[in-house]
Protein chains: 2
Amino acid sequence: MNKTPQHRKVYEILRKRISDGVYSEGDLLPSENELSSTYGVTRATIRIALNALLNEGYIKKHHGKGSIVQKNPQGVGILSIAGITSAVGKDNLKTKIIVKPEIRSFEEAFTFQLSQKEIDAGCIYFERLRMVNDEPVFYDITIIPSINLPSFTSIDFENKSLFDILRRRYRIQVRGGEQKISATTADKNIQKYFNVGRNFPILLVNRRFETNRIDFYFYSQVRCNTSDYFLYGTF
Amino acid sequence: MNKTPQHRKVYEILRKRISDGVYSEGDLLPSENELSSTYGVTRATIRIALNALLNEGYIKKHHGKGSIVQKNPQGVGILSIAGITSAVGKDNLKTKIIVKPEIRSFEEAFTFQLSQKEIDAGCIYFERLRMVNDEPVFYDITIIPSINLPSFTSIDFENKSLFDILRRRYRIQVRGGEQKISATTADKNIQKYFNVGRNFPILLVNRRFETNRIDFYFYSQVRCNTSDYFLYGTF
DNA sequence: GTCCATTTGTACGTATGTATC
DNA sequence: TGATACATACGTACAAATGGA
């Protein structure tokens, strides 16, 4: 069985109320004791839920005062754990496949250290152009070691979330990762797809994702046109 | 009194052991029960310490297996809560003041929403060029509302950490913040200080820091030459 | 400035569920 | 299957910070 924990339920309820504006910016949440009796769980359980909201920036806590609701995360939050689809919202995001998923070997100079197992396995490689409100903003290169992923190359990724597909078809969930961020200029391809000039500044994010499968990582390289959208994160 | 909590002590001990390599990458930490009896606290207390290490990327936890030590955070981690001095290390970092601290009014178009109180107060403004291993890598503009900061403008910032000064002289501690990241090109100033051309891509980070003083924030704008150093973060 | 009720922080103990090996 | 380890959840108590009387 896979029962949802109590603290998760409380977290979901509170997060929804914050997103919906039931609790709005600057408001105090009900106290931990109130929440505890409202939802019929102990304060320890409430505190787990509140800590999750704290970590994700929905609230700030003040000793002796309470939990203060923060303004909703805005901007394009791909600095956090969610993928682009989740950050931008499905309705505003369109995806076009530029290079269909194919089996390749890893490049010589890869941004992250690869294990021998990964190098031997080779990878599934594809490129996608992603449009926010019909403007090209992201160019994604995705690289997934081809380990235990049957019929992956035949999946249609048009307008779909990679994270969703991994979770539903292969029960792979992203747990976290690391990223390296730098500034570069647009190469020929990017000039064409973003419709920009040769010296246009591009934000480059190299990411390595960790999953619930131990020793299974995947990689992505995202190029962003940040003239209209910046990357946003809290810390 | 300001007694250090037990979970904090355990956290410090474990973090030091990880940094020192007593526990090295890939190792399993002792189990929660072992740590519990070793340090004479309950498992709940141990879990608070482990959660802190988890949030900061020192360990990953695996249900039924244990807590696995991760490789030490590397790269220039200014995506995290620490300042540049802390991220780069004092010995490798030299700071040159370009514009000495002075009182100004806030600019019209400020990246973050300001309160009326902040606008009325005006700000302390200064610019610093920061060299990593004698190469100019960061250009910092720092903007601090001039509220309750006596004799701030006369402080010498050469080769010093802003965070340290705030903490020691004014007991202001940074609790967190938000940041907006984008790519841009080098303006005249930056071309000169970084010794780069007109179209050189520059990483631009706008940050707002939250402190232990409620309603007191400060701001910084960091430009980075990412040709040799990238920004690094975990999530 | 002091007192007091409220609220979060810390810490104890115990029990059971679930994933890993 | 069993032993081990982390996840969840219960209950209790006191400390420390906040804010208003």
Side-chain angles (χ1 to χ4, degrees), chain A residues 1-14 23 26-55 58-70 171-173 175-176 210-216, chain B residues 1-14 23 26-55 58-70 171-173 175-176 210-216:
Chain A
M1 270 308 153
N2 203 340
K3 219 179 60 176
T4 307
Q6 305 262 47
H7 66 76
R8 184 75 195 176
K9 288 180 189 166
V10 174
Y11 162 86
E12 297 288 358
I13 292 169
L14 293 177
Y23 304 126
D27 286 358
L28 279 175
L29 286 188
S31 75
E32 295 181 356
N33 281 321
E34 275 185 79
L35 292 171
S36 167
S37 59
T38 302
Y39 297 107
V41 296
T42 57
R43 230 187 100 203
T45 305
I46 293 294
R47 283 179 65 80
I48 294 173
L50 291 182
N51 271 328
L53 292 169
L54 180 67
N55 283 332
Y58 287 98
I59 62 171
K60 294 279 173 190
K61 299 174 85 172
H62 285 279
H63 193 167
K65 194 175 178 190
S67 301
I68 300 170
V69 177
Q70 302 299 301
R171 292 171 185 274
I172 292 175
Q173 284 177 329
R175 287 278 179 82
E210 291 153 14
T211 69
N212 55 339
R213 286 195 194 172
I214 298 179
D215 292 334
F216 182 79
Chain B
M1 268 307 157
N2 202 341
K3 220 179 60 175
T4 307
Q6 305 264 46
H7 66 76
R8 184 77 195 174
K9 289 181 189 166
V10 174
Y11 161 87
E12 297 289 357
I13 292 169
L14 294 177
Y23 304 126
D27 286 358
L28 278 176
L29 287 188
S31 75
E32 295 182 355
N33 280 322
E34 277 183 79
L35 292 171
S36 167
S37 59
T38 302
Y39 297 108
V41 296
T42 58
R43 235 189 93 202
T45 305
I46 293 294
R47 283 179 63 79
I48 294 173
L50 292 182
N51 272 329
L53 292 170
L54 181 68
N55 283 332
Y58 287 98
I59 62 170
K60 295 280 172 189
K61 297 171 86 170
H62 284 279
H63 193 165
K65 192 175 179 191
S67 301
I68 300 169
V69 176
Q70 302 298 300
R171 292 171 185 274
I172 292 175
Q173 283 178 330
R175 287 279 179 81
E210 291 154 14
T211 69
N212 53 340
R213 288 194 193 171
I214 298 179
D215 292 335
F216 182 80

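As a basis for the values below, the full set of heavy atoms in this structure was taken, side chains included, without hydrogen atoms, waters or symmetry mates. Each chain gets a letter, A, B and so on, in the order the sequences are listed, and its residues count up from 1.
Mapping A:Lys65 and A:Gln6 onto DNA chain D by nearest heavy atom places A:Gln6 at the nucleotide closer to the 5' end.
In this structure, A:Ile48 atom CD1 and C:dT8 atom C1' are separated by 16 Å, rounded to whole Å. A:Lys60 has its NZ atom 22 Å from the P atom of C:dT7, to the nearest Å. To the nearest angstrom, C1' of D:dA17 lies 5 Å from NE2 of A:His63. Note: CZ (A:Arg43) to P (D:dT8) measures 19 Å, nearest angstrom. Between A:Leu28 atom CG and C:dT8 atom P there is a gap of 8 Å when expressed in whole angstrom units.
Contact check for B:Asp27 versus B:Ile68: no side-chain heavy atoms found under the 4.5 Å cut-off. Counting heavy atoms from C-beta on, the side chains of A:Ile13 and A:Tyr39 come closer than 4.5 Å. Taking 4.5 Å as the limit, some side-chain heavy atom of B:Leu35 sits within range of a side-chain heavy atom of B:Leu50. A:Lys60 has its side chain out of reach of A:Lys65: every pair of non-hydrogen atoms, C-beta onward, lies at least 4.5 Å apart.
Set against C:dG9, D:dC10, C:dT10, the side chain of B:Pro5 has C:dT10 as its closest nucleotide. The nucleotide whose nearest atom lies closest to any side-chain atom of B:Ser31 is, among D:dC10, C:dA11, D:dC6, D:dC6.
At least one side-chain nitrogen or oxygen of B:Arg47 sits closer than 4.0 Å to the OP1 or OP2 atom of D:dA7. OP1 or OP2 of D:dC10 lies within a sub-4.0 Å distance of a side-chain N or O belonging to A:Thr45.
Residue B:Thr42 is classed as a base contact, given a heavy-atom separation below 4.0 Å to a base.
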